[in-house]
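See structure below.
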Number of protein chains: 4
Amino acid sequence: MTAGGTRTGGQEPDNGTALFARPVKPRSIKVHEAAVNATRDLLAEGGLPAATIDAIAARSGVSKATLYKHWPSRTAVAAEAFGRDMADAVPASDTGTTAGDLAEQVLLVSRFYASPEGTVFSQLLAATVTDEGGAAYFRAWFLAGRRKAIAAIWQRGTERGDVRPGVDADTAIDLLFGPLIYRLLTGHLPLTDEAATAVADAALHGLLTTTPKD
Amino acid sequence: MTAGGTRTGGQEPDNGTALFARPVKPRSIKVHEAAVNATRDLLAEGGLPAATIDAIAARSGVSKATLYKHWPSRTAVAAEAFGRDMADAVPASDTGTTAGDLAEQVLLVSRFYASPEGTVFSQLLAATVTDEGGAAYFRAWFLAGRRKAIAAIWQRGTERGDVRPGVDADTAIDLLFGPLIYRLLTGHLPLTDEAATAVADAALHGLLTTTPKD
Amino acid sequence: MTAGGTRTGGQEPDNGTALFARPVKPRSIKVHEAAVNATRDLLAEGGLPAATIDAIAARSGVSKATLYKHWPSRTAVAAEAFGRDMADAVPASDTGTTAGDLAEQVLLVSRFYASPEGTVFSQLLAATVTDEGGAAYFRAWFLAGRRKAIAAIWQRGTERGDVRPGVDADTAIDLLFGPLIYRLLTGHLPLTDEAATAVADAALHGLLTTTPKD
Amino acid sequence: MTAGGTRTGGQEPDNGTALFARPVKPRSIKVHEAAVNATRDLLAEGGLPAATIDAIAARSGVSKATLYKHWPSRTAVAAEAFGRDMADAVPASDTGTTAGDLAEQVLLVSRFYASPEGTVFSQLLAATVTDEGGAAYFRAWFLAGRRKAIAAIWQRGTERGDVRPGVDADTAIDLLFGPLIYRLLTGHLPLTDEAATAVADAALHGLLTTTPKD
DNA sequence: GGATAATCGAGACGGTACGTCCAGTCTTTGG
DNA sequence: CCAAAGACTGGACGTACCGTCTCGATTATCC
């Protein structure tokens, strides 16, 4: 068991594998939910900096000690809270073509990153760097779902023969969305629709004039 | 003036624009250097968490107040200290071909990210998310130099006609290195040579079978 | 009913009056004993600080809720556990003279206070200051027995005509042992045999040169 | 250096020896005073339990970190705060006779112990049992002063030839005041004027009918 | 002998305080 | 006049323990 060893209560993260522990003794789902909801509100209001453990405890009525029994760190709580609704934040695409689907996803994700939620996302991502416990939750509650959605498109593309053989889904996903994360984090350039489109186009068709020899 | 309004002392960051203020009164270069050197050592020993303001002050003999006259935040000091030597950390490439140069750069950067310095890099990047002052330093002392180096390769490629027209350098750079940053930060997959090669290949030749129509 | 209103199970404290309530419904003696024994061990190992409610519960297998049905507070459990064997810790004296008996008791008690058990005693005494419920148990299980033993000597002395008329047992006991407690608690001076002897002598014969006129 | 290694600011404790460190760099007296005053108020209002570190910090405006630089523990702050005015709480006695002076002191101290301040005193005394750092402050700021005052009376008595030779001041003090502390802490009997008088009388003239043979 | 009721183990929970850590500001002192 | 030294506030951290409470799973008497 990777992320925590504690129950999660209620809905499970989109993590394919049975990442989170089974409830041996049902720890109050109410408590878990209260904490998550309070955290979500705090994130919406003031981003990750506002979601301190004390604030979460105060707003949710869940004591700090209990929070630490449910999650390994405040980042983990925030990751779960933030990841809950994000499944729907970026809807799936079905434009009829693989290229279209992927390009649209890049555009939608870019817009998401450019939105206030994107700020929270970057704060969360940053927080996981020095918090391995939180990182597991972040991957489980956020990344995994998103990557799975894209992997599905990629799989469809493979079956259709649209995608280059030899390129696996992970590489494709990294290539399409890594650039957005790069911009989001360093802020060296803005996350505009044009930039997103350009990135998607470049990723799909390559940077060079030469055709791959394979 | 964005990053600080303070002198930087000694060597200038590779930031193209006149980002940093002119030394109106020469504030001790010795002090500046001492702080940077101490910080570099601390980063090497314990990463960004070790480079607290108190630690920097103690080790360098520079008082905290003085540090804040030279830099807007601790992240800024660390960014400068870390960026100093990083210019040489990834040597330029000249394989004879644009594709080769770019692929090699991706590989080298991937290895750098996978190294202990890569950890510091990610910590620094994470820190800039909630520290705009530090972010400016980070971009100036680290990113700008790297991007400039790749831009030069790209420019050469453009002149040689190796690269697809309509793709600007920024897009290309983001596409090539964004995926590495993505992996570095989320840790969803390891930063192996194979992954780097795969990313570079995919970026250069595109994800799809179809040829761009433009 | 002062100390708890709960049954005590097993052996009764040396409290003269019917201090502790009658069992309306028999509460397991086994449970009571288990808790007391576990607590005694914990006290021996780490003093009162080690005898937390959780530790007692864990070691004895008695749940916290049950502990609180048997005792009003953790101090009360500890007081009973500690008082159990302490009856024998300081044997009675019979030197043949009242002065000898009292002096010997002072010496023995001083040694007891100076021993590791003395530390626990002082911790317990300290704990009762902010725990009235525990205080009742402390008096019942510890003090009462000790005072009764001395009172017996005093009574014998009265009958023999050894002791000054008008001095009641309580005053005598306080005078003889108060100084030891004073030292034990404040630690301003060590609890040596010499000090104990000096105290006993001074108490028995008075501080002044003048003879009481009564 | 025993108690803290930190400066105390303002007035010095009555501790004879140079117990407290010399200020290498003057730490703000204002801060020290503010903390002490706030603590005194809190003690008066709610006793030691009310004088939590957070409460002291909040009321005094001195941050917790600073408090811990000035004192080793909350008990230490409270001891100093409480001890400040206690010098005057029990005035010196001068009845003309040694016996009178001592008896009066016992009575006054008994009344002090029986007062609300006495409760605080006992809480403080209890707290020092598990807080050696605080104990040093308690001895320095409270006990030392009181003992010194009695020792002066004793010295006078020695010079007058009123007191039994061979009884040192420490023994005398312990004998006179230990009984009061005993009662204060265990509460086995109330601290009445009669009891105090009886104790003083017994201490001064001895418990036995026999005259000391020395 | 089964119903009724309490006891009990297990341990989650809220609450309160703790003592620590670090950032960034402000003050004092010395050269 | 500037810089070193470092005191100071503020705020969050994660921990510890208390005493209460809610579960079911035993008992154990009483009808």
Side-chain angles (χ1 to χ4, degrees), chain A residues 6-7 23-28 30-32 34 49 51-58 60-70 72-74, chain B residues 25 27-28 30-31 34 49 51-58 60-75 131 133, chain C residues 23-28 30-31 34 49 51-58 60-75 131 133, chain D residues 6-7 23-28 30-32 34 49 51-58 60-74:
Chain A
T6 57
R7 285 194 60 258
V24 182
K25 225 14 169 350
R27 205 169 280 157
S28 167
K30 238 181 318 186
V31 159
H32 199 99
T52 66
I53 279 289
D54 285 297
I56 296 171
S60 67
V62 173
S63 78
K64 285 170 68 177
T66 301
L67 290 175
Y68 280 106
K69 280 201 186 114
H70 285 245
S73 71
R74 95 178 228 268
Chain B
K25 265 300 182 43
R27 205 168 276 153
S28 163
K30 237 182 318 187
V31 158
T52 67
I53 279 288
D54 285 294
I56 296 171
S60 68
V62 175
S63 81
K64 289 167 68 177
T66 303
L67 289 174
Y68 280 103
K69 283 203 186 109
H70 286 244
W71 291 275
S73 73
R74 105 177 221 268
T75 310
D131 177 2
Chain C
V24 183
K25 274 276 177 63
R27 211 168 271 158
S28 163
K30 235 182 320 186
V31 159
T52 67
I53 279 289
D54 286 294
I56 296 171
S60 67
V62 174
S63 79
K64 289 168 67 177
T66 303
L67 290 174
Y68 281 105
K69 283 205 185 106
H70 286 245
W71 292 276
S73 71
R74 102 177 224 267
T75 310
D131 176 3
Chain D
T6 56
R7 290 192 57 258
V24 182
K25 229 358 170 2
R27 207 169 274 161
S28 165
K30 235 180 321 183
V31 158
H32 200 100
T52 67
I53 279 289
D54 285 295
I56 297 171
S60 67
V62 174
S63 77
K64 286 169 68 178
T66 301
L67 291 175
Y68 280 106
K69 280 203 186 110
H70 285 245
W71 292 276
S73 71
R74 96 180 228 269

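Reminder, nothing fancy here: chain letters follow the sequence lines and each chain counts from 1.
Between His70(A) and dA12(E) there is no side-chain polar atom (N or O) within less than 4.0 angstrom of OP1 or OP2. For the OP1/OP2 pair of dT9(F) and a distance below 4.0 Å, the side-chain nitrogens and oxygens of Thr66(D) include at least one atom meeting the criterion.
Heavy-atom nearest nucleotides on DNA chain E were determined for Val62(A) and for Val62(C), and the one closer to the 5' end corresponds to Val62(C). Comparing Asp131(C) and Ala57(B) along DNA chain F, the residue whose closest nucleotide (by nearest heavy atom) sits nearer the 5' end is Ala57(B).
Here CD1 of Ile53(B) is found 10.5 Å from OG of Ser63(B). Values are rounded to the nearest 0.5 Å. Note that CD1 of Ile56(A) and NZ of Lys64(A) are 11.0 Å apart. Values are rounded to the nearest 0.5 Å.
His70(B) and Val31(B) get closest at one heavy-atom pair: NE2-CG1, 4.0 Å. Considering every non-hydrogen atom in both Ala34(D) and Val62(D), the closest pair reads CB-CG2, 4.2 Å.
Atom pair Trp71(B):CH2 and dA23(E):P shows a separation of 15 Å (rounding to whole Å applied). Protein atom NZ of Lys30(D) is 14 Å distant from nucleotide atom P of dC26(E), rounded to whole Å. Remark: P of dC8(E) and NZ of Lys69(C) are 7 Å apart, rounded to the nearest angstrom. Between Leu67(B) atom CG and dA23(E) atom P the separation is 11 Å, expressed in whole Å.
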I need a per-nucleotide contact map over nucleotides 11-18 of chain F, read 5' to 3'. Cutoff is protein heavy atoms under 4.0 Å; write B for the base, S for backbone only, - otherwise.
-SBBB-SS

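With sequence neighbours excluded, the residues satisfying side-chain contact (heavy atoms from CB on, under 4.5 Å) with Thr75(B) are Ser73(B), Leu124(B), Ala127(B), Thr128(B), Asp131(B).
An end-to-end axis angle of 10° holds for the helix from dG1(E)-dC31(F) to dG31(E)-dC1(F), taken from five base pairs per end and rounded to 10°.
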